[in-house]
Colleague: 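Take this structure, written in structure tokens, and hold onto it; I'll ask about it next.
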Amino acid sequence: MELLETLKKRALETLEKVADASGLAQWEIEIFGRKQGELTRLLRSLRDLPEAERRKIGAGANKLREKLEEELNKKRAFIKKQTTKRELLKEKVDITFPGTRHKRGHLHPLTQIRLTSEHIFTSLGFAIVEGPEIETEFYNFDALNMAGHSARDMQETFWLDKSIPGKNRYVPRTQVTGIQVRFMERHNPPFRIVYSGTCFRREATDASHEFQFDQLECLMVDKDITVANLKYILHAFFEKLFGKGVEIRLRPSYFPFTEPSFEVDITCIGCSGRGCSICKQSGWVELLGAGMVNQKVFKAAGYVPRQWQGFAFGMGLDRIAMMKYKIPDIRLFRQNDIRFLQQF
Ligand code: FA5
């Protein structure tokens, strides 16, 4: 009976110290192990005792076994709970931890200036329309009274190999003006539209000329549109874009698809008209071409001649952006230099 007590004491003490599942397995073997387990050995030794003693001690030993089993199960449950808790703690997410900041891109300055300009024109009642970047010779030139070679020489042109012989030649558009006839073939006046996109010309590039640049154009057609309407819309646009005080100036010019035609200048934003290197000391910068739609263009679109009047103007968005953001060289726009782009 004394042995039983000692075993109980020692077993419970060591069990107390067990801290994890492998320690518990080890303890289980030490006590209950089939060959060398301390309790097993003790139970086995009962066999050699006389009957009366065996019964007495046997009952005590069985009690001890039950007790130790009970304690073992308790400990097992405890360790399992501890392990689960530890695992859950490992999975814990700290929702107050600061996140990883991702760098956000932004719109290219040319896109920004296009969207701003479109917004101004839509606020003046113009609808946005579109046309293809690869244009036919007909829409880019012929329908715009530019059928002769000399008129075409105004714009250096790239031609595409995939042209259909004797039918139509394809050209990366040299101007967005071809959209005029495309639109008028399908719509009747009155209307005011704005359209924009990339144009391509065989240019030797310099600080203000690229072989690829963006144009934005407006066309307004009704019964009695005059140059006064053209001037009003242009002035309203530039005032909204550059602020009050900006003046515009129309100078006589020539475009085959307008009559009369004008070059339009605005007061230089760089020096407010006083004279600087941007405006070559003149106080004015030339930004666009404009005019009253030539009746030959209406005819090409299928309108009855002399029934309608309209104005059109086309500007280079790169040049407008250069003015707005004071950019000295047009070639910076398409070099994709992140140091340049990040400034907008
Ligand atoms: C035209 O392209 C006419 N279609 C404009 C027009 C439309 C006149 C409607 C009348 C009525 P021009 O070739 O001048 O015209 O070009 C218009 C604008 O595009 C120029 O004022 C300029 O801002 C821009 N531009 C022309 N060529 C280049 C180039 N190589 N690089 C950058 N911008 C250019």
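Counting convention: from 1, in listed order, for ligands and their atoms alike. Nothing here was measured: the structure is a model prediction, and the numbers come from that model. As a basis for the values below, the full set of heavy atoms in this structure was taken, side chains included, without hydrogen atoms, waters or symmetry mates.
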Colleague: Taking non-hydrogen atoms only, is Ser208 closer than 4.0 angstrom to ligand 1 via side chain, backbone, both or neither?
Modeller: backbone
Colleague: Are a donor atom and an acceptor atom from the side chains of Gln175 and Gln215 found within less than 3.5 Å of each other?
Modeller: no
Colleague: Taking only heavy atoms of Leu288 into account, list the atoms of ligand 1 that are under 4.0 Å away from them.
Modeller: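 That gives atoms 21 (O) of ligand 1.
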Colleague: Does the distance from a Lys or Arg side-chain N to an Asp or Glu carboxylate O, for Glu286 and Arg251, drop under 4.0 Å?
Modeller: yes
Colleague: Does the N or O separation between Gln175 and ligand 1 drop below 3.5 Å for any pair?
Modeller: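 Yes.
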Colleague: With only distance considered, is Glu210 within less than 3.5 Å of ligand 1 through an N or O on each side?
Modeller: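 Indeed, backbone or side chain, Glu210 has an N or O that close.
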Colleague: How close does the nearest protein non-hydrogen atom get to atom 13 (O) of ligand 1, and which residue and atom is it?
Modeller: Arg201 NH1, 2.8 Å
Colleague: Suppose we measure from atom 15 (O) of ligand 1 to each protein heavy atom; which comes out shortest, and what is that distance?
Modeller: Phe255 CE2, 3.4 Å
Colleague: Counting only nitrogen or oxygen atoms and a 3.5 angstrom limit, does Glu286 reach ligand 1?
Modeller: no
Colleague: What protein heavy atom sits nearest atom 21 (O) of ligand 1, and how far off is it?
Modeller: Leu287 O, 3.3 Å
Colleague: Below the 3.5 angstrom mark, is there an N/O of Gln215, backbone or side chain, next to an N/O of ligand 1?
Modeller: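 There is such a contact, yes.
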Colleague: Check the orientation of Phe238 and Phe242. Use parallel for under 30°, tilted for 30 to 60°, and perpendicular for over 60°.
Modeller: parallel
Colleague: Among all protein non-hydrogen atoms, which one is nearest to atom 32 (C) of ligand 1, and what is the separation to 0.1 Å?
Modeller: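 Checking every protein heavy atom, the shortest distance to atom 32 (C) of ligand 1 gives Ile330 CD1, 3.4 Å.
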Colleague: Can you check which of Gly178, Ala204, Gly289 brings a heavy atom nearest to atom 8 (C) of ligand 1?
Modeller: Gly289
Colleague: Mind running side chain to side chain contact (heavy atoms under 4.5 Å, CB included) on Ile57 and Leu4 for me, showing each step along the way?
Modeller: CA-CA 8 Å; Ile57 301 182; Leu4 284 184; 4.1 Å; yes
Colleague: Counting only heavy atoms not in Arg55, do more than 12 sit closer than 6.0 Å to its CZ atom?
Modeller: no
Colleague: Begin with the C-alpha distance, continue with both residues' side-chain angles, and end with the deciding distance and a verdict on side chain to side chain contact (heavy atoms under 4.5 Å, CB included) for Tyr139 and Thr177.
Modeller: CA-CA 8 Å; Tyr139 288 114; Thr177 318; over 6 Å; no
Colleague: Within less than 4.0 angstrom of ligand 1, does Cys199 place any heavy atom?
Modeller: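 Flag not set, Cys199 not near ligand 1.
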Colleague: Here's a test for you: under salt bridge (charged side-chain N to carboxylate O under 4.0 Å, His left out), which of Glu70, Glu28, Glu69 qualifies with Arg76?
Modeller: Glu28
Colleague: Quick one: look up the protein heavy atom nearest atom 24 (C) of ligand 1 and list residue, atom name and how far away it is.
Modeller: Gly316 CA, 3.6 Å
Colleague: Could you find the nearest protein heavy atom to atom 22 (C) of ligand 1 and give me its residue, atom name and distance?
Modeller: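 Protein heavy atom with the smallest distance to atom 22 (C) of ligand 1: Arg319 NH1, 3.3 Å.
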Colleague: Does the plane of the ring in Trp27 sit parallel, tilted or perpendicular to the ring in Phe32? Use 30° and 60° as the thresholds.
Modeller: perpendicular
Colleague: Would you mind telling me if ligand 1 is within reach of the side chain of Phe211, the backbone, both or neither, using heavy atoms under 4.0 Å?
Modeller: neither
Colleague: Going by the closest heavy atom to atom 10 (C) of ligand 1, which one wins out of Phe257, Tyr254, Phe311?
Modeller: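 It is Phe257 whose heavy atom sits nearest to atom 10 (C) of ligand 1.
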Colleague: If you round to the nearest 0.5 Å, how far is CD1 of Ile128 from OG of Ser196?
Modeller: 7.5 Å
Colleague: Which residue and atom name correspond to the protein heavy atom nearest atom 25 (N) of ligand 1, and how close is it?
Modeller: Phe213 CE1, 3.5 Å
Colleague: Are Arg202 and Phe158 in a cation-pi setup, meaning NZ or CZ lies under 6.0 angstrom from the ring centre and within 45 degrees of the ring axis?
Modeller: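 Output no; distance or angle outside limits.
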Colleague: Would you check whether Thr177 has a nitrogen or oxygen atom less than 3.5 angstrom from a nitrogen or oxygen atom of ligand 1?
Modeller: yes
Colleague: I'd like to check which ligand 1 atoms, numbered from 1 as shown, lie under 4.0 Å from a non-hydrogen atom of Ala312.
Modeller: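 Within the 4.0 Å cut-off of Ala312, ligand 1 contributes 9 (C), 11 (C).
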Colleague: What do the steps show when you test Thr258 against Asn294 for side chain to side chain donor-acceptor pair (under 3.5 Å), and what is the final call?
Modeller: CA-CA 4 Å; Thr258 46; Asn294 192 318; over 6 Å; no
Colleague: Might you work through the side chain to side chain contact (heavy atoms under 4.5 Å, CB included) test for Trp308 and Val293, ending with a clear yes or no?
Modeller: CA-CA 9 Å; Trp308 303 104; Val293 179; over 6 Å; no
Colleague: Can you find an N or O of Glu203 that's nearer than 3.5 Å to an N or O of ligand 1?
Modeller: yes
